[in-house]
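Some notes on the structure that comes next.
Reminder, nothing fancy here: chain letters follow the sequence lines and each chain counts from 1.
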There are 2 protein chains.
Amino acid sequence: MTTADGRRAADGDPKPDGDPASDRAAPADTAPADTAPVDTVAAVVRQWEMVRPDLDTGPMEVIGRVNRCAALLQQAEDAPLRRAGLTRPEFDVLGTLRRTGHELTPSEIARETFSSGAAVTKRLKQLTERGLVERRGDTRDRRVAHVRLTDEGRDLVDGVLPDQLAYETRVLSGIDRERQHELARLLGELLGQLEGRLRLPRA
Amino acid sequence: MTTADGRRAADGDPKPDGDPASDRAAPADTAPADTAPVDTVAAVVRQWEMVRPDLDTGPMEVIGRVNRCAALLQQAEDAPLRRAGLTRPEFDVLGTLRRTGHELTPSEIARETFSSGAAVTKRLKQLTERGLVERRGDTRDRRVAHVRLTDEGRDLVDGVLPDQLAYETRVLSGIDRERQHELARLLGELLGQLEGRLRLPRA
DNA sequence: AGCAGGTGTTTTACTTGTAAAAGATTATCT
DNA sequence: AGATAATCTTTTACAAGTAAAACACCTGCT
């Protein structure tokens, strides 16, 4: 039980229960040895295989899990951020400024942040009101603005990030370092593919 | 460059470019042999390592990539769905009804779909208006409703799902079957962990 | 100089999600 | 029975994103 085919999440409610397809054991090659995983996506896939045995549900095993993991992680990760009074999109803006180390224009922030210009405008407005970023107009080209962190904004990022990373470390602590590494490697490959052909083969 | 620490996305713009940290080669164990990946998350991590070398950026390698992959996949995946006039959340509702094979109450749909009850109410309203689902009240407990697919709704799901899966297969085609399998396995482990302790160790 | 067109940013109108309260009904306790 | 608490669903008020248009400004052509 996840969603139509294993994606998305947000709430935080316990798993429902589910499908009576338990007469067919989870495929051995999908279930690792020790931790008895049986994640929700596996259950969803089994349901689909029951009602539509003609379909190749293979992609769900990857894509469904990526989506569901992302949803759960975001929910989890927001905790340290929220304690600092930040949403993640807000933190993304501040973090981008922090890690690049120099001023950025709104369009650059939008690109770095993979969000729309309009969204960035709104976030900057709020962050400016809170005194976390400052803007100045370009002297040459008066269309463009330059945004930088204030000292307060920088301190906020620097204070939050270690908590954030510590939290993330804890979230991943159920997976040993070697597997984390392997996971990162495979995800990097997938991501490289996805980013490589951002204009994907149109379906 | 992705976002503050490698998450989220939505737009579809090309990668910016980035950090001049190229004097330090990408860690060999994170970059696979052939495909020259260098995904955006790797670049973001390197930026962080430049400005905050004291931090352990390890978790970003996994979590940042999961989030970014999810964002790109969702954007990509929406294509076949949209052709059918459905958003993904809508499809999630229909798909849940299809794969369980029986009526569900709104709360059950919310759980299966990992969304809030209110969101489900809204979606059901629209789907009902479009004639894709029907509702009937429970005879015993008049608080609860039962929702089922109409024939039209079922036909829609059955028509869209193969396209969706074919598209997903194509999206993943850059990764060979064995790695997809391995990726699915590791993601299943991670997901199992995340779902196991949904109330995570509070940070 | 003057204007057609491009670029950076913001605004507008709208969609969708959420949290919290409201509504309606059923379950429990005395 | 009657009151209180719990449960299912919807409503309300609001936050945040998006696409498209609007602004404001720059560039290059004539």
Side-chain angles (χ1 to χ4, degrees), chain A residues 3 7-14 16 70-71 74-75 78 81-82 85-93 103-130 133-147, chain B residues 3 7-14 16 70-71 74-75 78-79 81-82 85-93 103-130 133-148:
Chain A
T3 201
R7 325 186 147 75
R8 180 173 307 280
D11 242 5
D13 236 18
Q74 298 207 1
Q75 170 189 341
D78 282 349
L81 260 39
R82 257 202 279 272
L86 290 173
T87 65
R88 195 206 317 254
E90 286 167 346
F91 179 76
D92 283 349
V93 170
E103 293 183 334
L104 292 172
T105 67
S107 344
E108 286 168 336
I109 295 173
R111 264 201 316 263
E112 289 285 325
T113 241
F114 296 101
S115 38
S116 72
V120 170
T121 295
K122 287 191 180 179
R123 285 177 213 149
L124 289 177
K125 194 171 142 202
Q126 292 189 140
L127 294 171
T128 304
E129 280 164 6
R130 286 207 255 165
V133 304
E134 286 172 345
R135 32 195 333 164
R136 66 171 182 83
D138 188 294
T139 37
R140 311 241 164 150
D141 186 339
R142 284 181 305 184
R143 287 170 305 182
V144 339
H146 295 270
V147 183
Chain B
T3 202
R7 327 184 146 75
R8 182 174 305 279
D11 243 4
D13 236 18
Q74 298 207 2
Q75 170 191 340
D78 281 349
L81 259 40
R82 258 202 279 273
L86 291 173
T87 64
R88 197 206 317 258
E90 287 167 345
F91 179 75
D92 284 349
V93 171
E103 290 183 336
L104 293 171
T105 69
S107 346
E108 286 169 335
I109 294 173
R111 267 201 315 265
E112 289 284 327
T113 241
F114 296 102
S115 38
S116 71
V120 170
T121 295
K122 289 190 178 179
R123 285 176 213 150
L124 287 177
K125 194 170 141 203
Q126 293 189 137
L127 294 171
T128 304
E129 281 166 5
R130 285 208 253 164
V133 305
E134 285 173 344
R135 34 195 331 162
R136 68 172 182 82
D138 189 293
T139 37
R140 310 239 164 152
D141 185 340
R142 282 182 307 183
R143 288 171 303 183
V144 338
H146 295 271
V147 183
R148 66 168 165 257

Among residues at least two apart in sequence or on other chains, which ones pass side-chain hydrogen bond (donor to acceptor under 3.5 Å, both in side chains) with B/Arg135? none
I need the CG-P distance between B/Leu124 and C/dT16, as an integer number of Å. 14 Å
Sugar-phosphate only, base, or nothing, as touched by B/Thr87 at under 4.0 Å among non-hydrogen atoms: nothing
Between the protein and nucleotides 4-7 of chain D, which nitrogen or oxygen pairs are less than 3.5 angstrom apart?
unit_1: D/dT7; atom_1: O4'; unit_2: B/Arg143; atom_2: NH1; d: 3.4
unit_1: D/dT7; atom_1: O2; unit_2: B/Arg143; atom_2: NH1; d: 2.6

Sub-4.0 Å heavy-atom contacts from residues 135-142 of chain A onto DNA chain C, ordered by number: A/Arg135
side-chain hydrogen bond (donor to acceptor under 3.5 Å, both in side chains) partners for B/Arg140, two or more places apart: none
Mind checking what makes side-chain hydrogen bond (donor to acceptor under 3.5 Å, both in side chains) contact with B/Arg143, not counting sequence neighbours? B/Asp141
I need the single residue from B/Asp92, B/Thr121, B/Leu124 that forms a side-chain contact (heavy atoms from CB on, under 4.5 Å) with B/Ile109. Which is it? B/Leu124
Regarding C/dT18, can its base be found pairing with the side chain of B/Lys122 as donor and acceptor, where the two atoms are less than 3.5 Å apart? yes
What's A/Gln126 touching, base or sugar-phosphate or nothing? Going by heavy atoms closer than 4.0 Å. sugar-phosphate
Got a sec, which residues hit salt bridge (Lys or Arg N to Asp or Glu O under 4.0 Å) with B/Glu90, two or more places apart in sequence or on another chain? B/Arg130
Below 4.0 angstrom from OP1 or OP2 of C/dT18, is there any side-chain N or O of B/Ser116? yes
